[in-house]
Amino acid sequence: MDAKSDIIGKTYSLYSGNDDTDEFYSVLSDLAESFLSYAESEAQILSLIRKYSNKKRYLKAERKKTTTDSVIAKLLVETELRLSKYFTDIDSHLKNLSLADKCDSTLATSREQYLLYILEIELVNRINKENFNSSQSKYAFLPHCLHDLDKECLSASDGTDYVCKSCSKNCSVNSVSKLMKLRNIKAYIWREADLKKIFKLARSNGQSIGVFGVACIPELVNGLRLCAKYDVPAIGVPLDANRCIRWMGDFYQNSVNEKKILSLLN
């Protein structure tokens with residue numbers, strides 16, 4: 001298994017050479033607190049991010065501004081200053097994308113989008129944490145790329161999606177699934193789940209529902225936004241790096257900050 005500091009993704013690594021990713025979350029929390037002076041609430045900043053995050057040319061121009069009253073420009077400039085050290089190879093990655101890959105919004109996520117997405121995840125967690133934890137029916141969806149690559153994964157579908165069978169002590173899917181189980185959260189390895197169907201079933205049973213996600217930064221944002229569309233309180237923690245076959249051409253060992261997960265579940 002790779003040393004933690006060697007877990008480097010295609011476009012980011014939350015380790016940035018450290019032995020853990022705690023520093024990243026500390027820096028991010030401080031940034032989010034400082035940005036509250038730009039708006040009336042966390043929800044207002046989140047709304048602004050979601051309004052402009054798909055406008056790549058606009059964001060690129062805003063990030064280059066040094067003196068401006070634009071809130072988006074201030075967010076971009078300050079997050080670039082504090083968070084850019086957690087990026088690895090975004091610029092060359094984007095430059096070398098094939099024409100087909102450039103049409104993939106996840107693979108083609110721009111530097112500016114990464115900056116706003118990281119902040120978006122933190123804001124969503126702050127806004128939704130309480131409602132998630134008070135939900136009657138809670139689900140966690142974990143990525144297959146977190147499994148122990150040195151052992152065959154024995155997970156199997158229960159009709160909703162794949163469930164971890166605890167076949168390896170060195171598997172992050174195993175350890176995170178156990179954290180969820182202790183808190184009455186049904187953990188799945190996301191391969192085939194139909195979220196819309198899950199939401200509909202829970203509500204037909206009169207239950208409130210919450211979702212916890214773990215994924216690479218762009219995919220986690222997509223999931224959080226999908227849940228928001230259906231008015232489902234969702235929270236999540238990004239993978240420490242993006243190292244799956246979609247990004248790297250093969251699977252490489254990955255991790256997620258379990259202390260951050262616990263902080264959201266408490």
Side-chain angles (χ1 to χ4, degrees), residues 12 14 16 18 20-56 58-87 90 109-135 210-229 231-240 256-266:
Y12 75 91
L14 304 186
S16 187
N18 297 316
D20 57 46
T21 61
D22 293 351
E23 178 195 73
F24 166 79
Y25 288 105
S26 177
V27 172
L28 179 59
S29 179
D30 289 345
L31 270 174
E33 287 293 330
S34 69
F35 292 152
L36 291 177
S37 64
Y38 297 153
E40 295 179 358
S41 65
E42 293 159 339
Q44 190 177 62
I45 299 175
L46 176 61
S47 177
L48 193 65
I49 288 173
R50 287 179 168 170
K51 179 180 179 179
Y52 290 105
S53 63
N54 289 329
K55 300 180 179 181
K56 290 185 177 181
Y58 170 79
L59 294 179
K60 190 172 185 178
E62 289 294 288
R63 184 168 65 87
K64 294 179 179 179
K65 294 181 178 179
T66 54
T67 303
T68 178
D69 291 328
S70 165
V71 173
I72 284 292
K74 290 178 179 177
L75 296 182
L76 287 169
V77 170
E78 294 184 35
T79 49
E80 171 73 25
L81 181 65
R82 300 289 301 280
L83 300 179
S84 61
K85 70 176 184 175
Y86 302 104
F87 294 156
I90 294 178
T109 301
S110 72
R111 188 180 192 90
E112 294 77 21
Q113 287 177 312
Y114 270 105
L115 293 169
L116 294 184
Y117 286 170
I118 291 170
L119 182 58
E120 178 172 344
I121 294 167
E122 174 69 11
L123 293 171
V124 169
N125 286 341
R126 291 180 176 215
I127 293 168
N128 288 347
K129 177 181 176 179
E130 184 176 346
N131 285 337
F132 168 82
N133 283 311
S134 63
S135 296
V211 169
F212 193 109
V214 176
C216 64
I217 290 170
E219 289 291 4
L220 181 55
V221 166
N222 288 338
L224 294 174
R225 291 184 178 185
L226 175 63
C227 290
K229 181 179 178 181
D231 199 27
V232 171
I235 57 177
V237 176
L239 289 164
D240 290 330
V256 65
N257 191 310
E258 293 185 18
K259 285 191 288 185
K260 179 63 176 177
I261 291 175
L262 283 172
S263 73
L264 290 173
L265 299 180
N266 292 331

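All values below come from the heavy atoms of this structure, side chains included, with hydrogens, waters and symmetry mates left out.
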Can you tell if the side chain of Val27 reaches within under 4.5 Å of the side chain of Tyr86, non-hydrogen atoms only? yes
I'd like to know whether CG of Asn266 has more than 12 heavy-atom contacts from other residues, nucleotides or ligands below 6.0 angstrom. yes
To the nearest 0.5 Å, tell me how far Leu264 CG sits from Glu130 CD. 13.5 Å
Partners meeting salt bridge (charged side-chain N to carboxylate O under 4.0 Å, His left out) with Glu120 (sequence neighbours left out): Arg50, Arg225
Show the nearest heavy-atom pair for residues Phe35 and Lys74, with the distance to one decimal. CE2-O, 4.5 Å
Taking NZ, NE, NH1 and NH2 as the nitrogens, is one of them in Glu122 or Lys260 under 4.0 Å from a carboxylate oxygen of the other? yes
Is Asn128 reaching over with its side chain to a backbone N or O of Pro233, donor-acceptor style, under 3.5 angstrom? no
Would you say that more than 12 heavy atoms from the other residues, nucleotides or ligands in this model lie under 6.0 Å from the NZ of Lys60, or not? no
side-chain contact (heavy atoms from CB on, under 4.5 Å) between Phe212 and Asn133, worked out: CA-CA 10 Å; Phe212 193 109; Asn133 283 311; over 6 Å; no
In Å, rounded to the nearest 0.5 Å, how long is the span from CG of Asp240 to OG1 of Thr21? 4.0 Å
Nearest 0.5 Å, please: how far is CD1 in Ile235 from SG in Cys227? 11.0 Å
Quick one: closest heavy-atom pair of Gly236 and Leu224, and the distance? N-CD2, 4.4 Å
Taking atom CD1 of Ile121 and atom CG of Asn125, what is their separation to the nearest 0.5 Å? 7.5 Å
Has Ser47 got a side-chain atom pairing as donor or acceptor with Ala43's backbone, closer than 3.5 angstrom? no
Check whether any side-chain N or O of Lys129 sits under 3.5 Å from a backbone N or O of Ser263 as a donor-acceptor pair, and report yes or no. yes
side-chain contact (heavy atoms from CB on, under 4.5 Å) between Leu83 and Leu31, intermediate numbers included: CA-CA 9 Å; Leu83 300 179; Leu31 270 174; 3.7 Å; yes
Any idea which heavy atoms bring Ser53 and Gln113 closest together, and the distance? O-NE2, 2.9 Å
So do the side chains of Thr109 and Ile217 get within less than 4.5 Å of each other, counting heavy atoms only? no
Minimum-distance pair of heavy atoms, taken over all atoms of Leu123 and Leu46: CD1-N, 3.9 Å
Leu226 versus Asn222: any side-chain heavy-atom pair under 4.5 Å? no
Reported CD-to-CD distance for the pair Glu42 and Glu33, which is rounded to 0.5 angstrom: 7.0 Å
Do Asp22 and Asn257 have side-chain atoms, one donor and one acceptor, less than 3.5 Å apart? yes
Any donor-acceptor N or O pair under 3.5 Å, side chains Glu112, Tyr52: no
Can you name the closest pair of heavy atoms from Leu115 and Leu76 and give their distance? CD1-O, 3.8 Å
Evaluate side-chain contact (heavy atoms from CB on, under 4.5 Å) for Tyr38 paired with Leu48, printing each intermediate quantity in order. CA-CA 11 Å; Tyr38 297 153; Leu48 193 65; over 6 Å; no
Once rounded to the nearest 0.5 Å, what's the spacing between atom CG of Leu116 and atom CD1 of Ile72? 5.5 Å
Closest non-hydrogen atom pair, Leu14 against Pro238: CD1-CG, 4.1 Å
Please walk me through it: do Tyr12 and Ile90 pass side-chain contact (heavy atoms from CB on, under 4.5 Å)? CA-CA 8 Å; Tyr12 75 91; Ile90 294 178; 5.9 Å; no
Any donor-acceptor pair under 3.5 Å linking the side-chain atoms of Arg126 with those of Ser29? yes
Does the side chain of Leu220 reach to within under 4.5 Å of the side chain of Tyr117, using non-hydrogen atoms? no
